[in-house]
Asker: 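Could you have a look at this structure, given as structure tokens, before my questions?
The model shown is predicted, which means the values in this text are computed figures rather than measured ones.
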Amino acid sequence: RLEVPSLPVQLQVSFIGYIPKTITVNDASSKIEVKLMADQVLIEEAEVVGERISDKQKQAPLTVESMDLIAIKEAPSGSFYEGLGNLKGVDLTSASLGFKIINTRGFNSTSPVRSLQLIDGVDNQSPGLNFSLGNFLGAPELDVKTVEIVAGASSAFYGPGAFNGVINMETKDPFVFPGLSISTKIGEATKAGESNLFEFGFRWADVISNKDDKPVFAYKINAFRFQAYDWEATNYSPVENSFVDALNPGRFDAVNIYGDEYRSALDFSGDNSSNARGLGTIYRTGYKEVDLVDYNTDNLKVSTSASWRLKPEKTYESPELIYSFNMGTGSTVYQGDNRFSLKDIEFYQHRMELRKKNKWFIRAYRTSEDAGNSYDPYATALKLQDSTRSDNSWRKVYYRYWVDSIGPLIDEDYPALELLGYDSVFSDDGTFLYTLPIAGYPPGAVDQWYTDNADNLANWHSQVEEWTNTGYANLADVAIDPVGHVVPGTQDFEDLFNQLTSTKNNEGEGGTKFHDLSSLIHVHGEYIFEPWWLEEYRVGANYRRYNPVSEGTIFSDTAGTVITNSEIGFYMGAQKRILEDKIILTATVRADKNVNFPWVISPAASLVWAPNATDFARISFSSALRNPTLADQYLFLDVGPATLMGNLNGAQGLYTVQSFLDYRNSFSGTNITGNLDTLVQFDISPIRPEQVRTFEIGYRTTIKDKLYVDAGAYFSWYKHFIGYNLGLDIGFDPIFTEAINSIDVYRYAANSINEVQ
């Protein structure tokens, strides 16, 4: 782009090793073609100076970070995707070896629903979870040309998912990058006894020309295989904010042991009877994650594409028809609300696109997934326990063994009651009647007994735990469940574990396996106009349809209920250069409509000032929309302590957790049901789209061709920020209406009533 006062003008074109040529330009709208002749005169050695940061990136009104081909090869990490974590403003979270998560601008999460990941313009999200599973279905490293990360609200051109940032990957065009590429990586774990890491990549691309020797057809084939043994989750310390510490004789709730969580039925700390001496708070025998999860991680990705140039004589300016197919499968561990074992999951993606580069495109794609044999290890641990013995039955057996076998040992040296004094008794009119002796334990005697018997208590609890897991204390009402715990490694454990993980996690089958055959269909079109009075004027529209299918294991599609969800969006934007290109103005506006929510408008505007070739100052205002995910709308997942719920229709008549704790603490000797006045009810409004507005300023400069500086500051306001609300559904006894006979805990997706900044 050259600013000139008037036409015609003369341009001199030169290149090292060629004869310079001068041409005359009479019309700014006509195409300029220049062909240089090779210079036969030998030239002296020349130094070529270039920058890897393009003017386009410097002129961007938002914060943009990128990796080019060189940076991808030189990334100081196991893969280019991990290398993204080294870029400014990018957070990389490793949920497992096979699952890396990219977040930008706060609210870091292993479920990055506020970021959008695109590969050649195609959304890489899981159709059911509505966020990208890292690079599990992503592009193989050998096929990645560039990675661009746009931090901040970018809904205008990218759509509702571009809320906090966009990870935009571009793969290698087979017309430009033909040939064979092979790579392999091996790694050895530093922990003895663990398997090595192995990775293999293959890429083949070729170009076919027509009889005029013009490239007309190109194709590429990619294959990628990764396998390793993941790090084991073996943190057996107490969870944060645990009721007891690691010294509690009756055990504790460990981080990576499941099923050993606190249960009120196993809390004897408030029981002052002689039978409960030394019991305190006990914890049920749980299951270690290493006994529930296979840490062998593998990932196989295969992708192919075919490109046809409809007018090969125009080479790179020819309209192009593209078909591509991507497939990803494998097993890994995912850290979400629970730890999930993603086993034999599969993703398939078909894309058809007709385009003219930098001018227009029509793109359609379909993504489908299969959860394979994935299951919830934590829920599996709870169901293993429920399949052997209920918490109440386990409590009864433990208590009986303790009273019968440990009680006599405690009685031998437990502090004896002593006469501590007398208490006077008076009548209502103040007349002295008589005195009563007061008996009790000497001050500090009970605490000292617990200190002296710390080792004994630990041994006694260990013995009673073993007896409880293998016997039933001859209790008639527990005889139907003679064993309280199945031991990992035994045939009984394997049979029960395989039964639970191979049956669906719904009310009908009662297992822990996920069923997910969800799919996503997306159609997107865009056209760029170039009127004489604007740099460009861009218009576009997209339509998306979700078809979640979980058969009640994830969503509320139970009893034959079919869920569909669709959304549509329109956008337009313009760019204008003024003052001889020193100022670049842009403005965009987008309108989105989800079938369950009203229209939302997202405007944006920016100004970039470039007083010279090295300095760029920017100021921008942007806004973005995030429609609630399928989980926010339709989730129905029992994870043990609570049921996770979508919130399309709201919830009424729930009780706050704190008010229930107040109610429980209001028990007294004469009031065994607690004070109902302490219970507080509340309602949750139906979920609605989340919105953000961001104001950003920045400055980019190059100092003496050696140092590139990019400084920026931003501030964001979130409206209807989507989080969660906990509520209790309390059932009261139909006869004794002040008595509670059931409590269910629910976690609903909900909007914040406050503005989040």
Asker: How long is the span from the CG atom in Asn248 to the CZ atom in Phe243, to the nearest 0.5 Å?
Answerer: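 Here the rounded value is 12.5 Å.
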
Asker: Just by distance, do the side chain of Ser269 and the backbone of Thr281 share a donor-acceptor pair under 3.5 Å?
Answerer: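 Not a single qualifying donor-acceptor pair exists.
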
Asker: Can you name the residues that form a side-chain contact (heavy atoms from CB on, under 4.5 Å) with Pro437, not counting sequence neighbours?
Answerer: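 Here the qualifying residues are Leu419, Tyr422.
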
Asker: Return the CG to CG distance between Asn751 and Asn754, rounded to the nearest 0.5 Å.
Answerer: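 Rounded to the nearest 0.5 Å, the CG-CG separation comes out at 12.0 Å.
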
Asker: Are the aromatic rings of Phe340 and Phe514 close, with centres under 6.0 Å apart?
Answerer: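 Yes - the distance between ring centres of Phe340 and Phe514 falls below the 6.0 Å cut-off.
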
Asker: Output yes when a side-chain donor or acceptor of Asn130 lies under 3.5 Å from a complementary backbone atom of Leu630, and no otherwise.
Answerer: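 It does hold such a pair.
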
Asker: Is the gap between the ring centers of Tyr378 and Tyr287 under 6.0 Å?
Answerer: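 No: the rings miss the under 6.0 Å criterion.
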
Asker: Quick one: salt bridge (charged side-chain N to carboxylate O under 4.0 Å, His left out) pairs with a partner in residues 406-427, sequence neighbours left out?
Answerer: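 Counting only pairs at least two positions apart or across chains, the salt bridge (charged side-chain N to carboxylate O under 4.0 Å, His left out) contacts touching residues 406-427 are Arg277-Asp411.
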
Asker: According to salt bridge (charged side-chain N to carboxylate O under 4.0 Å, His left out), does anything in residues 233-246 pair up with another residue at least two apart or in another chain? List the pairs.
Answerer: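 Pairs touching residues 233-246 that pass the test: none.
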
Asker: So does Gly278 get a backbone contact from the side chain of Tyr450, meaning a donor-acceptor N/O pair under 3.5 Å?
Answerer: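 Side chain of Tyr450 to backbone of Gly278, a donor-acceptor pair under 3.5 Å: yes, one is there.
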
Asker: List in chain and number order the residues that pass salt bridge (Lys or Arg N to Asp or Glu O under 4.0 Å) with Asp391, two or more places apart in sequence or in another chain; answer none if no residue qualifies.
Answerer: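 Checked Asp391 against salt bridge (Lys or Arg N to Asp or Glu O under 4.0 Å); matches are Arg263, Arg284.
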
Asker: Keeping the roles fixed (side chain from Asn647, backbone from Ser685), state whether a donor-acceptor pair exists under 3.5 Å.
Answerer: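 Here the side-chain-to-backbone pair exists.
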
Asker: Gln499: what forms a side-chain contact (heavy atoms from CB on, under 4.5 Å) with it, not counting sequence neighbours?
Answerer: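 Residues passing side-chain contact (heavy atoms from CB on, under 4.5 Å) with Gln499: Leu496.
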
Asker: What salt bridge (charged side-chain N to carboxylate O under 4.0 Å, His left out) pairs are there with at least one residue in residues 477-498, not counting sequence neighbours?
Answerer: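 Checked against salt bridge (charged side-chain N to carboxylate O under 4.0 Å, His left out) - neighbours excluded - the pairs reaching residues 477-498 are Lys396-Asp477.
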
Asker: Keeping to residues at least two apart or across chains, list the salt bridge (charged side-chain N to carboxylate O under 4.0 Å, His left out) pairs with something in residues 632-644.
Answerer: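 Found Arg626-Asp632.
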
Asker: Can you tell me if Ser115 uses its side chain to pair, donor with acceptor, with the backbone of Pro112 under 3.5 Å?
Answerer: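 Side chain of Ser115 to backbone of Pro112: no pair is present.
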
Asker: Residues two or more places apart in sequence or in another chain: which of them pass side-chain contact (heavy atoms from CB on, under 4.5 Å) with Ala276?
Answerer: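 Partners of Ala276 under the side-chain contact (heavy atoms from CB on, under 4.5 Å) test: Asp271, Ser273, Leu279.
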
Asker: Report yes or no: does Ser659 contribute a side-chain atom to a donor-acceptor pair with the main-chain N or O of Val680 at less than 3.5 Å?
Answerer: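 Present.
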
Asker: Are the side chain of Ser462 and the backbone N or O of Ala458 linked by a donor-acceptor pair below 3.5 Å?
Answerer: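 Such a contact is absent between Ser462 side chain and Ala458 backbone.
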
Asker: In a table with atom names and distances, give each donor-acceptor pair under 3.5 Å that connects a side chain of residues 251-260 to protein atoms at least two apart or in another chain.
Answerer:
from, atom 1, to, atom 2, distance (Å)
Arg251, NE, Tyr283, O, 2.8
Arg251, NH2, Tyr283, O, 2.7
Asn256, OD1, Asn235, N, 2.9
Asn256, ND2, Tyr258, OH, 3.3
Tyr258, OH, Glu289, OE1, 2.3
Asp260, OD2, Ala254, N, 2.9

Asker: Decide whether Gln658 and Asp662 meet the rule of one side-chain donor and one side-chain acceptor closer than 3.5 Å.
Answerer: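 Looking only at side-chain atoms, Asp662 and Gln658 do form a donor-acceptor pair, the distance falling under 3.5 Å.
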
Asker: Before you tell me yes or no, could you show the steps for Asn469 and Trp394 under side-chain hydrogen bond (donor to acceptor under 3.5 Å, both in side chains), namely the whole-Å CA-CA distance, both residues' side-chain angles and the distance that decides it to 0.1 Å?
Answerer: CA-CA 8 Å; Asn469 288 336; Trp394 200 86; 3.1 Å; yes

Asker: Among residues at least two apart in sequence or on other chains, which ones pass salt bridge (Lys or Arg N to Asp or Glu O under 4.0 Å) with Arg747?
Answerer: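 Result, salt bridge (Lys or Arg N to Asp or Glu O under 4.0 Å) vs Arg747: Asp337.
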
Asker: Going through the checks in order, is the side-chain hydrogen bond (donor to acceptor under 3.5 Å, both in side chains) test met by Thr558 and Thr561?
Answerer: CA-CA 5 Å; Thr558 57; Thr561 301; 4.9 Å; no

Asker: When the ring planes of Tyr718 and Phe721 are compared, do they come out parallel, tilted or perpendicular, using 30° and 60° as the limits?
Answerer: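 The arrangement is perpendicular - the two ring planes meet at more than 60°.
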
Asker: In chain order, what residues pass the salt bridge (Lys or Arg N to Asp or Glu O under 4.0 Å) check against Lys343, with sequence neighbours excluded?
Answerer: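 With neighbours one apart ignored, the set is empty.
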
Asker: Let's go through Lys504 and Glu551 carefully: what are the C-alpha distance in whole Å and the side-chain angles of both, what is the deciding distance for salt bridge (charged side-chain N to carboxylate O under 4.0 Å, His left out) to 0.1 Å, and is it a yes or a no?
Answerer: CA-CA 8 Å; Lys504 296 174 185 174; Glu551 296 189 7; 2.3 Å; yes

Asker: Say you draw a straight line from NE2 of His485 to OG1 of Thr470; how long is it, rounded to the nearest 0.5 Å?
Answerer: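 So the NE2 of His485 and the OG1 of Thr470 are separated by 11.0 Å.
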
Asker: Given Thr285 and Glu465, is the side-chain hydrogen bond (donor to acceptor under 3.5 Å, both in side chains) satisfied, shown in steps?
Answerer: CA-CA 8 Å; Thr285 308; Glu465 178 190 16; 2.5 Å; yes

Asker: Can you name the residues that form a side-chain contact (heavy atoms from CB on, under 4.5 Å) with Pro377, not counting sequence neighbours?
Answerer: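 For Pro377 the side-chain contact (heavy atoms from CB on, under 4.5 Å) partners, ignoring immediate neighbours, are Leu292, Val293, Ser341, Tyr375.
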
Asker: Keeping the roles fixed (side chain from Ser242, backbone from Pro238), state whether a donor-acceptor pair exists under 3.5 Å.
Answerer: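 Checked: no pair found.
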
Asker: So does Gly552 get a backbone contact from the side chain of Asp557, meaning a donor-acceptor N/O pair under 3.5 Å?
Answerer: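 The answer is yes, because a donor-acceptor pair under 3.5 Å joins these two groups.
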
Asker: Check each of Val745, Thr678, Ile740 against Phe660 using the side-chain contact (heavy atoms from CB on, under 4.5 Å) test, and report the only one that passes.
Answerer: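 Checked Val745, Thr678, Ile740 against Phe660; only one passes side-chain contact (heavy atoms from CB on, under 4.5 Å): Ile740.
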
Asker: Okay, side chain of Ser374, backbone of Ala371: is any donor-acceptor separation there less than 3.5 Å?
Answerer: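 Side chain of Ser374 to backbone of Ala371: a pair is present.
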
Asker: Tell me yes or no: between the side chains of Asp429 and Thr431, is some donor less than 3.5 Å from an acceptor?
Answerer: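 Side chains of Asp429 and Thr431: pair found under 3.5 Å.
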
Asker: Could you state the interatomic distance from CG (Asp230) to OG1 (Thr332), rounded to the nearest 0.5 Å?
Answerer: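 Going from CG on Asp230 over to OG1 on Thr332, the span is 6.0 Å.
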
